[in-house]
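What follows is a set of notes on a single structure, which appears directly below.
The figures here come from the full heavy-atom set of this structure, side chains too, leaving out hydrogens, waters and symmetry mates. Here the structure is a predicted model, which means the values were calculated and not measured.
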Amino acid sequence: EKTPDLKEKLKTYLEVKGLSASSISQYYNCSLQFYFSKILGLKEADEVEETFGADVFGNWIHQSIEIISEEVLLLKNIIVPELKSKVLKSIPLVLDRIFNKHFEGYQVERGINVIYRKMAEKLLIDYYEKCIFNDTEKLIISVEEKFSKEILIKTASQELKLKLNGLIDSIELHDNKLVLIDFKTGKVLSADVNLGSKLNFEQAFSKANKGKFRQLALYNYLIIHQLRTHNKINGFNIPKETELVTGMYSFRDLSEFHTQKAIPEDELIQEIETVMTTLVAEMMNETKPFIQTPDLKNCEYCAFKNVCNR
């Protein structure tokens with residue numbers, strides 16, 4: 001059971017650090033892992049590895065796109081075809097710069113990491129050729145920008161101000177569409193980002209394997225709040241009639257942008273705030289302990305599996 005001291009720590013975490021799509025998914029996948037990681041602040045022991053993992057490779061790609069967007073394409077400027085050669089030339093330079101700054105301990109000149117280096121360059125070239133310089137006039141408004149909103153949550157025993165966070169990979173303006181983009185190095189299907197016909201919103205949102213749907217729904221919610229409150233993103237004014245589009249690119253297949261079917265704004269706001277109230281009430285319920293996941297697949301890469309004897 002949750003002691004008063006634990007509930008106070010949990011309340012502080014929810015109000016100060018807050019929840020994001022990744023931490024919510026962690027809770028739904030294994031509430032005990034969420035407890036170890038977020039509430040106790042336990043971390044995996046640092047180990048120097050020689051071979052990239054998927055997380056390191058993904059971070060390398062994300063950070064390279066961020067630098068190229070900020071320094072080569074320049075934010076809030078129309079992307080013109082003349083920039084293409086400059087961007088393509090910058091890719092190997094930026095990859096090496098990010099690698100040398102953030103990934104000390106890995107050997108890019110050895111073994112399979114040589115293949116990863118070539119793969120990273122190929123993926124970025126494909127991305128800019130297929131998704132940026134594709135004859136559609138666009139501008140990049142922001143990259144890796146964090147958005148937050150407080151939600152007043154009232155449970156049976158107390159109320160708190162939940163902080164909800166989202167870090168959006170890229171926000172672009174295409175004609176009259178504001179496009180929220182998330183990049184994945186793994187596989188993405190259109191079914192992953194949408195409700196489907198058999199689930200209502202709350203069922204889909206709280207389903208452990210619907211993390212991609214959950215992530216895009218939260219991004220939509222946060223941007224709706226941002227536009228209604230400030231009417232601008234990163235200092236750029238967004239016209240009120242602009243259509244909001246949210247989706248994911250998978251670097252495994254950049255030919256398709258997997259968009260989430262639009263949910264009316266007021267309906268989405270109500271759905272998100274309802275499901276967050278349910279989630280927080282469950283987290284704060286002293287009779288509902290943090291427990292191990294019954295799905296052993298979730299334990300495979302968990303930093304705490306030795307603690308759990310899994």
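Ring geometry, F34 versus Y13: the interplanar angle exceeds 60°, so the pair is classed perpendicular (tilted spans 30 to 60°). W60 and F57 have perpendicular rings, their planes meeting at more than 60° on a 0 to 90° scale where under 30° would count as parallel.
Between D169 and E144 the shortest side-chain heavy-atom distance falls below 4.5 Å. Put simply, the side chain of Y28 reaches to within 4.5 Å of the side chain of F205, judged on heavy atoms.
Side chains of Q215 and D182: a donor-acceptor N/O pair is present below 3.5 angstrom, by distance only.
Under a cut-off of 6.0 angstrom, the local environment of CD in E267 is crowded, with over 12 non-hydrogen atoms contributed by other residues, nucleotides or ligands. More than 12 heavy atoms of other residues, nucleotides or ligands lie within 6.0 Å of CD in E150, so this atom counts as buried by the packing criterion.
Checked for salt-bridge contact, K187 and D253 miss the test: no charged N lies under 4.0 Å from a carboxylate O.
With F290 as the aromatic partner, K2 meets the cation-pi criteria of under 6.0 angstrom to the ring centre and within 45 degrees of the ring axis.
Side-chain heavy atoms closer than 4.5 Å link hydrophobic residues (I, L, V, M, F, W, Y) into clusters, and following such links, even through other members, never connects L199 to L218.
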task: Could you give me the CA-CA distance, side-chain angles and deciding distance for Y27 and E282, then say whether side chain to side chain donor-acceptor pair (under 3.5 Å) is met?
output: CA-CA 11 Å; Y27 179 85; E282 179 181 303; 2.7 Å; yes
message: As a quick check of understanding, evaluate ring pair (Phe, Tyr, Trp, His ring centres under 6.0 Å) for F147 and Y221, giving each step before the final call.
response: CA-CA 10 Å; F147 298 88; Y221 173 82; over 10 Å; no
message: Under the criterion side chain to side chain contact (heavy atoms under 4.5 Å, CB included), I'd like the reasoning laid out for N176 against E241: C-alpha separation, chi angles, the key distance, then a yes or no.
response: CA-CA 8 Å; N176 195 39; E241 66 275 10; 4.1 Å; yes
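R228 pairs by the salt bridge (Lys or Arg N to Asp or Glu O under 4.0 Å) definition with E265, D266, not counting sequence neighbours.
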